[in-house]
Undergrad: 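Have a look at this one before I ask anything.
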Amino acid sequence: NNATRQNFLLLPAVSKIPLFRNYVGKDERFLLRYQSSPETIVHVRYYNREFPLPLPPFSQHNPTPFEYKADSIFTLKISNTDTVGYLFPKQGFYHIQADTNTIEGITLFRFDEDFPLIRKNEDLLKPLRFLTAQQEYESMEKYSNKKAAVDSFWLYAAGGPDRARELVKKYYNRVQNANEYFSSFIEGWKSDRGMIYLVFGPPNVVYKSSVSENWIYGEEKNFNSLNFTFLKVDNPFTNNDYRLDRSQLYKTSWQNAVEMWRQGRIYSDK
């Protein structure tokens, strides 16, 4: 199939060493190669959407169907001899197609300019939503100084600055790791796998198949171990989209893990 993402190759314009990731930076000029033709016109469907954070693992979740109608469409002429390349300065995602008779193509994502790192005060606040009640988080959002809101949360949880620094380092390292591993059409920490990774940490055992991932916290085949199953979603924009198989059985485990963080303790301190 000449339309699939496997027909495209992404390279930085400077080094021309293939990029094995699906996102580009704000000022990152890149080249595209297309194996089925040395020169071709491709259609680019641009989307700029806001997606809600995932609900806790025990909540029923009925995601809203994605609206495939693009916010805008434009064309690019790509050539295997091009040395100048392109820039995608606007945040959002760009679905690049050599054949518009199918939904297949390669999608490039333009997240925040610091992605996958966490540097802005607003970026420090947002992942705290998993550890806070709605009213508490909304109150923190009203702070004019977002860093003060974040510092206040961690200092209260830790009981002192040294412990707070340890908690901050661990939690936001998980945010950045989730961005590296679990990003799809959204930043990795905002995904179902990212949510579980932030709160519970790295699993002890992972089983992967072509259609799912199973994460085990604890000993394998132990009745008391915690198991999360993520089902792969058929998504034309990415092959890294997984949805958690939610259950009421996770409620106590989730609440205990969140409470540990709020008491200044790290769940699964690996």
Side-chain angles (χ1 to χ4, degrees), residues 1 3-12 17-25 28 30 32-33 44-55 57 61 63-68 70 88 91-98 102-118 123 126-127 130 172-203 205-217 227-246:
N1 185 338
T4 64
R5 62 175 65 93
Q6 285 81 12
N7 290 276
F8 293 88
L9 186 64
L10 177 67
L11 310 96
I17 298 173
L19 285 176
F20 295 100
R21 53 176 162 87
N22 61 358
Y23 63 88
V24 292
E28 184 176 20
F30 63 91
L32 269 179
R33 301 289 188 250
V44 184
R45 304 172 66 86
Y46 170 70
Y47 299 85
N48 186 11
R49 305 289 172 82
E50 287 290 332
F51 298 97
L53 291 182
L55 297 175
H61 180 52
T64 304
F66 182 80
E67 173 55 62
Y68 285 102
F88 283 168
Q91 288 191 39
F93 53 101
Y94 300 78
H95 190 51
I96 303 169
Q97 298 177 284
T102 175
I103 61 173
E104 299 282 2
I106 184 174
T107 308
L108 300 183
F109 301 89
R110 256 284 292 118
F111 298 118
D112 185 83
E113 60 191 66
D114 294 320
F115 183 87
L117 304 179
I118 301 297
D123 295 336
K126 292 175 183 177
F130 295 139
Y172 293 104
N173 276 345
R174 289 185 182 180
V175 174
Q176 293 180 172
N177 287 340
N179 283 343
E180 290 279 2
Y181 299 132
F182 310 130
S183 290
S184 55
F185 60 95
I186 53 176
E187 296 95 318
W189 75 265
K190 296 179 180 179
S191 67
D192 280 355
R193 287 181 298 171
M195 172 183 63
I196 298 300
Y197 184 85
L198 261 62
V199 174
F200 292 94
V205 181
V206 175
Y207 285 108
K208 294 186 178 184
S209 73
S210 60
V211 295
S212 67
E213 289 187 8
N214 187 37
W215 293 12
I216 302 174
Y217 290 87
N227 292 264
F228 292 102
T229 298
F230 302 91
L231 305 176
K232 190 169 185 177
V233 178
D234 186 12
N235 188 323
F237 303 119
T238 175
N239 60 1
N240 200 34
D241 184 12
Y242 288 78
R243 189 167 297 146
L244 175 64
D245 186 13
R246 285 169 163 77

Undergrad: Could you pull out the closest heavy-atom pair between Pro127 and Tyr172, with the gap in Å?
TA: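 For Pro127 and Tyr172, the tightest heavy-atom pair comes out as CG-CE2, 4.3 Å.
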
Undergrad: What closest approach, in Å, do Thr229 and Leu244 show between heavy atoms, and which atom pair accounts for it?
TA: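 Heavy atoms only, the tightest pair is O-CD1, 3.5 Å.
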
Undergrad: Is the shortest side-chain heavy-atom distance between Ser184 and Phe109 below 4.5 Å?
TA: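 A side-chain contact is absent here, since even the closest heavy-atom pair is not under 4.5 Å.
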
Undergrad: Compare all side-chain heavy atoms of Leu198 with those of Val175 and state whether any distance is below 4.5 angstrom.
TA: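 Yes, their side chains come closer than 4.5 Å.
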
Undergrad: Carefully, step by step, assess Ile196 and Phe230 under the rule side-chain contact (heavy atoms from CB on, under 4.5 Å).
TA: CA-CA 11 Å; Ile196 298 300; Phe230 302 91; 3.9 Å; yes

Undergrad: Which residues pass the side-chain hydrogen bond (donor to acceptor under 3.5 Å, both in side chains) test with Asn240, sequence neighbours left out?
TA: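 Asn240 satisfies side-chain hydrogen bond (donor to acceptor under 3.5 Å, both in side chains) with Arg193 only.
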
Undergrad: Examine Arg49 relative to Phe66 and say whether NZ or CZ is less than 6.0 Å from the centre of the six-membered ring and inside a 45° cone about the ring axis.
TA: yes

Undergrad: Among all residues two or more places apart in sequence or in another chain, which pass the side chain to side chain contact (heavy atoms under 4.5 Å, CB included) test with Pro236?
TA: Tyr68, Ile103

Undergrad: Phe51 vs Lys190, test: side-chain contact (heavy atoms from CB on, under 4.5 Å). Steps then yes/no.
TA: CA-CA 9 Å; Phe51 298 97; Lys190 296 179 180 179; over 6 Å; no

Undergrad: Please work out which of the three classes, parallel, tilted or perpendicular, describes the rings of Trp215 and Phe182, given edges at 30° and 60°.
TA: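 Tilted, since the angle between the ring planes falls between 30° and 60°.
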
Undergrad: For Ser212 and Leu231, work out which heavy atoms get closest and say how close.
TA: CB-CD2, 4.1 Å

Undergrad: Verify, without hydrogens or angle tests, whether Gln176 (side chain) and Ile118 (backbone) share a donor-acceptor contact under 3.5 angstrom.
TA: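 Indeed, once roles are kept as given, a pair shorter than 3.5 Å links the two residues.
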
Undergrad: Looking only at heavy atoms, what is the nearest atom pair of Gly92 and Tyr46, with distance?
TA: CA-CE1, 4.0 Å

Undergrad: Ring centroids only, cut at 6.0 angstrom: are Phe88 and Tyr94 within range, meaning strictly under it?
TA: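 Yes - the distance between ring centres of Phe88 and Tyr94 falls below the 6.0 Å cut-off.
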
Undergrad: Please check if atom CG in Asn1 has more than 12 non-hydrogen atoms from other residues, nucleotides or ligands closer than 6.0 Å.
TA: yes

Undergrad: With heavy-atom distances below 4.5 Å as the criterion, would you say the side chains of Phe111 and Asn179 are in contact?
TA: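 No, too far: nothing below the 4.5 Å cut-off.
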
Undergrad: How about Pro203 and Tyr217: do any of their side-chain heavy atoms sit closer than 4.5 Å?
TA: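 Side chain of Pro203 against side chain of Tyr217, heavy atoms only: contact under 4.5 Å found.
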
Undergrad: Considering all heavy atoms of both residues, which atom of Leu11 and which atom of Arg33 are nearest to each other, and what is their separation?
TA: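 Scanning both residues, the minimum pair turns out to be CD1-CG, 3.5 Å.
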
Undergrad: Show the numbers, then the answer: is there a side-chain contact (heavy atoms from CB on, under 4.5 Å) between Arg174 and Val199?
TA: CA-CA 9 Å; Arg174 289 185 182 180; Val199 174; over 6 Å; no

Undergrad: Got a sec, which residues hit side-chain hydrogen bond (donor to acceptor under 3.5 Å, both in side chains) with Ser210, two or more places apart in sequence or on another chain?
TA: none

Undergrad: Would you say the side chain of Met195 lies within less than 4.5 Å of the side chain of Leu55, judging by non-hydrogen atoms?
TA: no

Undergrad: Could you check whether any side-chain heavy atom of Gln91 comes within less than 4.5 Å of a side-chain heavy atom of Asp112, counting everything from C-beta outward?
TA: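 Yes. Closest side-chain heavy atoms under 4.5 Å.
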
Undergrad: Kindly indicate whether the side chain of Trp189, heavy atoms from C-beta on, has any atom under 4.5 Å from the side chain of Leu53.
TA: yes

Undergrad: Tell me if the centroids of the rings in Phe228 and Phe200 come within less than 6.0 Å of each other.
TA: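 Yes - the distance between ring centres of Phe228 and Phe200 falls below the 6.0 Å cut-off.
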
Undergrad: Output, in order, the C-alpha distance, side-chain angles, deciding distance and verdict of ring pair (Phe, Tyr, Trp, His ring centres under 6.0 Å) for Tyr181 and Tyr197.
TA: CA-CA 10 Å; Tyr181 299 132; Tyr197 184 85; 7.0 Å; no

Undergrad: How long is the gap from CG on Leu32 to CG on Leu10, to the nearest 0.5 Å?
TA: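 Rounded to the nearest 0.5 Å, the CG-CG separation comes out at 6.0 Å.
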
Undergrad: Are the side chains of Asn227 and Asn214 in contact, using a 4.5 Å heavy-atom criterion?
TA: yes

Undergrad: Looking at every heavy atom in both Ala178 and Gly194, which two are closest together, and how far apart are they?
TA: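 For Ala178 versus Gly194, the nearest heavy atoms are CB-CA, 4.1 Å.
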
Undergrad: Would you sort out whether Asp123 and Glu187 count as a side-chain contact (heavy atoms from CB on, under 4.5 Å), showing the intermediate values?
TA: CA-CA 11 Å; Asp123 295 336; Glu187 296 95 318; over 6 Å; no

